[in-house]
Structure formats: structure tokens, C-alpha cells
Number of protein chains: 2
Amino acid sequence: MTKKITISDVAKKAEVSKSTVSQFLNERFDYMGDETRARINKAITELGYQPNVVARSLKLKSTSTIGVIVANILHAYSTQVIRAIENVCNENGISTIICNADDNPQKERKYIETLLAKQVDGLIVVPLKGNLEIYKKLLKQDFPIVFLDRLVEGLDAETVILDNERASELAVNHLLENGYKKIAIVTASLTDSVTPRIERINGYKKALEKNGITVQEEYIKGMELDSFDQGLDELFSLDIKPDAIISGNDLSLMEILKYTFENDIRVGKDTGLITVDEVSFGPIHSPPLTTIAQPTFEMGMEVATILLDKIKDKKLKQDSVVHRHEPSLIIRNSTKKEGEPSE
Amino acid sequence: MTKKITISDVAKKAEVSKSTVSQFLNERFDYMGDETRARINKAITELGYQPNVVARSLKLKSTSTIGVIVANILHAYSTQVIRAIENVCNENGISTIICNADDNPQKERKYIETLLAKQVDGLIVVPLKGNLEIYKKLLKQDFPIVFLDRLVEGLDAETVILDNERASELAVNHLLENGYKKIAIVTASLTDSVTPRIERINGYKKALEKNGITVQEEYIKGMELDSFDQGLDELFSLDIKPDAIISGNDLSLMEILKYTFENDIRVGKDTGLITVDEVSFGPIHSPPLTTIAQPTFEMGMEVATILLDKIKDKKLKQDSVVHRHEPSLIIRNSTKKEGEPSE
DNA sequence: CTGAAAGCGCTTACAG
DNA sequence: CTGAAAGCGCTTACAG
């Protein structure tokens, strides 16, 4: 590597002080005469000078960078939300460092530490169970942080999250309206009491009750992704089989579709199917899949906007507001008993 | 924010100099007595001290961070390769900053500049057309950079890339073996001569010729994703329609599936279909989709390993090696004329 | 309008 | 074994 040009080189070449060059870089042009300005400009382009933002960050105690830690990047939700976050950050001249905790609290912890050591100006996190103390510490020192998708038990923090109960309600009502009566719900593991899963099940129960239907506990399945086959076997071996399934998210949907495919269960005909999370292949699946879409773009925008506001306005105390977003129903054919085309 | 603890605070508390604390932080314990070491350790934990890596980076002229710029994050290829890159970087204590150029050379240029200003130690880029000069400049100053997925015309740089011609050959041979005779290839726009698209078409032509089949130019379609409908209309209005389609990548596959779905063209029966890029729903689509998988994980590992080696070993001149990776054929039912189950 | 000086939080020769 | 000093490349009062 050829050696880097620094502000000193520019100052020397333009025959001014470093201070003045710095003022130029920060566009405070009234701090210098027109010809000085021109000289500096010339020197910069001739030398191909690029400021070193590491030095700048050190001095300013701000890196114009935020960290985003998602629990699991495999969810389409994560990538979509991340894209929205990046959009608003970009527009504001903020860089983002994305980290995938891979559902592992240790990893998450390590990422938080690394990001803090890197002096990020703020953090967006889809939290995992087990790092409560760290979150608390950060909140106590008023470090800018906003949570996404999940509530943390015992923590009073600003969070952007889906109205999960409403999502289930949409699903249940839609299924009932289409003549399904024995509705099951299948989600990923409940052992870590991940908010969306818990709330979606609660919403499912409430919606059934509202419709005067008794909740059957056997119709509620929460399990690790790799034991879906077994769980679905159980479900479909019940004396009274369900006639429709609500899938908790996109990853559980994949497992369900694998299962129905392998076991020749015809979606739509043999079982209704609706999933939370819109999926890319929803419209082209046969039958096309009815889904409950999350407004991922909106949610990403909001969480980023909140964080950037917090960063700008440091005095702004952490207010522990929970921002709920509305899911929306996308009706396609997997919830039509006859499986006839919708057009 | 409560004020940050610095190395000075630790030094004061432990009653040693900053130098010694620094030696401690860098685990050079033979530079101090055992009790000194213990005192420092105590001070650090009591104060909850976290080193500031920005300051460290400034001094060391190394940020332990690399930048990754992908042309378009929407490709499954991008996200998979990124995950592999992150894995090897993580293992080596290197952070990654991911940027999505969104097929926009200006954006790519801006990202490169931002990343350089942030003093990243190296760059992995899936290049776009139009930034040749920047690449050249970086290579000339021996800045560690490795390219991925695409060759840059006029540039002699280390690149990790699929054996795209082989991918097409696999596809063509497989289709021919399964009785398809009139094979078309459909890819995203060719106007920017993106390497994989060009090479896949070349490979397609070569493979046909090798099999003694004349190339029909009408069977080769390269177009923007949003004009696929029209292009496919043309294709299926030909006097002699193709009986099989090779899809250039995952995004073009989506368009093709949308088209066949909307036009009631039965994949497998009415037209064979094979795509480069394995897709999540491949196995559960009806019919299940035959694909040509890229070894994305391997490719990500290799590109990261090469870059980290370059960074470690600065003298290592840029060697312009092109590392080709083998695609593999995953046979499923979309290339079976009868559409019968494969089991 | 311009510059000298101090300082951001580290690291690393160097001296003792 | 330990510390004082210089320096990484910036920014920003402050003085003139």
C-alpha cells in the first residue's frame, strides 16, 4: 500500500494550517478566504485526499455507525427489515453493521460487546433470551438502543413489534369464514418464550374463544424445526384431525410444506393452510398460499427512525413505548376448501 | 450516557502507567509482575472497562474490519455467500460491513469510498460495470481486494467465480438426456454483460453444439426482470416452441414461474424447467424443481480466506488468479416429461 | 481570516 | 519489570 495522504499533506501543499483544512472539510467556508478555499480544494483533488474517519470518530466520539443484531438472519423478516433500516440510515449518512446472533445468546453478547468496542452510536436488536443484564446496563447508561420483533421480559424498553394477536385473529377468522372448523396452530419452539410465538398462540386462543370455539390443546404445536415431522405426524394422527393449519412463521411454513408434500396431503383440499409472513413463492405455489404479511418495510423504517432520533437527541430519556404494527391478510388459494382458482 | 472509562482510569485505579495497562490488554504479560497483572485485572473488572477499538485502530492503522459489497442482495447467492464470509471472518476476529449496491454503480462507488474512509483492511466485491478506474487504483496501490461472481473487463484481479459454462452444460445435457430437444435459455438483462449471464449463454451454445444441435437465436432471451412476461410470450408464440427452459438464476426463475402459473403452462409436462441457483422451495414446489446449485458456502469461504491472507501478508502481490468453482446438478421433477414422482 | 496547541484513547519504541 | 513521551489523523476552542 502506498502511504496514505493525511490532512497534514493537504495543509502543506495548500500552504495553510491543518485547522483551516479541517474547517474546509467540514464545509465551514466562512472560516477562510475564497482563494484559501480554492487552494485547499485544489490540493485535495490533486493529492486524491480522503479523510480518515477513524481519526475523526475518535475525536468526535461518534462513529456515524449503528449496529443491528438480529436473532436469526434466516427469517425473511430479518432481511427485509434490515433493508429498510439500511435505507433510512443511508439517507442520513449512517453506516450499519449487521450481525446475526444465530439464535445463540453468547454470540449476541459477543456482538454487543464488539459493537460497543467499535463505538457504534446506537443499537437495534432482535433480542434473545439470556442477555437481560446487558440490556439493562445499556438502558441505564442511556445508550441509544431500540428493540425489534420481541419483548424482553423484565425490561422496559422501546420496541417495534407486530400486533401478533391480531395476526392470529386475522388467520382464525379467515379460516372460519372459509368453512374450516378444526384449526391447528404450528410454530417453532416455545421453550424460549419468543414473543411472536407466544402472542400468536394467545391470539389464536382468544380468536377461537371469541367465535365460541373451544381451544383444543392438541391443536397447538410448538417445536424445534427439526422435529416438525414428528409433531405433524402427531397432529395428523389425532382421532379428530384438524382441517386447517396456521403456520407461525416462514420457517415453520417450509417444514409444514415439506411434510404435506412428502405425505401427499393436499394443501387447500385436505388441509387449509395459512402462514404468518409473506413468502416469495406464495403466489406461485400450488395452491397459492394465503399469508398474513408483516409490514416489514414500515417496521424497519420506524425502528431506524426512532434510533436515529435517540442518537441525535441524547437527552431524550429512554421512553419505553411499544410500537405495534398491523399485519395484513393476503388471501390466496391455500385456504379455499375446493382449491378452485381465485380468479 | 455516563462517561466512558478509558485506559487512563484503569491505570490510575491500578496505580500503574497506561503503557502497562496497554501491555496487559494485548496479553503481553511478561512485561509485568504477577501482582501488577492482578491489580490491573481487578481494576478492569471493577470499572467495567472496555477498550476503545477506534483509538486502537487509529494507532495501529488497522481496523480488523473488511467491507463486502454485493451487486444485489436480493439474490439468494449473495446472502449465502455473505454468511460464509462472515463465518470465516468471525473465526478470525474480523468484522464485516455488508453493503448492497442495488445494481447501481454510483451506489457501489459511494460504498467503496465510505468503506475506505472507514479504513477497512480489505474489500470483497461483486462488481458492477462502470467503476473500473476505482478498482484499478485500488489494485495499483496494492489494497487488499478480491472479486466475486463476476469478471471485470480490462481488469486483472483475483476472482472467485462459478464455472458458468459448466453449469449450462450440466443443464443442457440433463435436459437432452430426459428427452427435451428444443431448449431455450432465459436470463436477466445482458446489456451490462454480467459475467455469469454471458458465460451461461456461451456454455449453453457450446453444449448444444457439442451435441450436434443447432443454436436457435430465438431461444436465447436476455431481458430485464420486468419484461419477462413479454419475452416469454414471444418465446411461447414461436412457431416451434421450446420444450424446455433453462433459467439463468433464482430471480429469473421467479419470473418464469409467475409466467407459467398465470398462463397455465404445466412445468415438467408442457415445458421442462431447470434453473441455475438452488432455491429454498425447490423440493416442495410442484413439481419439485431441478436445479444447478452453486457451492455458495465454499465460494464464500474461499473468497474470505484469500482476502484475509492478502491482508496478513501485505507483500503478497496481487496475483490475478481466477478461481472457478464447480456447480452441481440436483435432479428433481421439473425436468421429467411425464412429471411422475422421482421416488 | 488563519494558525498553534491541546486532546480524543490508544500503542510502542525507548530508557531506566 | 515499569513509565514518560511521542504519535496515529483528526477537530475545536482560543488567540491574534
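Per chain, numbering begins at 1; letters A, B, ... match sequence-line order. Just the heavy atoms: all of them, side chains too, but no hydrogens, waters or symmetry mates, feed the values below.
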Heavy atoms under 4.0 Å, any strand shown: does B:Phe29 hit a base, just sugar-phosphate, or nothing?
nothing
Considering every strand and a 4.0 Å limit on heavy-atom distances, what is the contact class for A:Thr36: base, sugar-phosphate, or nothing?
sugar-phosphate
Derivation of the side-chain hydrogen bond (donor to acceptor under 3.5 Å, both in side chains) call for B:Tyr111 and A:Asn90
CA-CA 10 Å; B:Tyr111 277 130; A:Asn90 255 334; 2.6 Å; yes
Watson-Crick or G-U counterpart of D:dT2, or none if no pair lies under 3.5 Å
C:dA15
5'-most contact on DNA chain C: A:Arg37 or A:Lys18, nearest heavy atom basis?
A:Arg37
Closest non-hydrogen contact found for B:Thr20 with B:Met32 is O-CE, 3.9 Å
At under 4.0 Å between heavy atoms, what does B:Val16 touch on the DNA or RNA strands: base, sugar-phosphate, or nothing?
sugar-phosphate
Spacing of CD1 belonging to A:Ile124 relative to SG belonging to A:Cys89, to within rounding of 0.5 Å:
6.0 Å
Comparing A:Ser8 with B:Glu15, nearest DNA chain D nucleotide closer to 5' gives the residue B:Glu15
When you match B:Gln23 and A:Leu60 each to their closest nucleotide on DNA chain D, which lands nearer the 5' end?
B:Gln23
Close side-chain approach of A:Met299 to A:Gln294, heavy-atom, < 4.5 Å:
yes
What does B:Phe24 touch in the nucleic acid at a heavy-atom separation under 4.0 angstrom: a base, only the sugar-phosphate, or nothing?
nothing
Is A:Glu133 paired with A:Lys137 through a side-chain N to carboxylate O contact shorter than 4.0 Å?
no
Hey, are A:Lys107 and A:Asp102 close enough for a salt bridge, meaning a charged N less than 4.0 Å from a carboxylate O?
yes
Does anyone know the first and last nucleotide of DNA chain C in reach of chain A, 5' to 3', at under 4.0 angstrom to a heavy atom?
C:dC1 to C:dG9
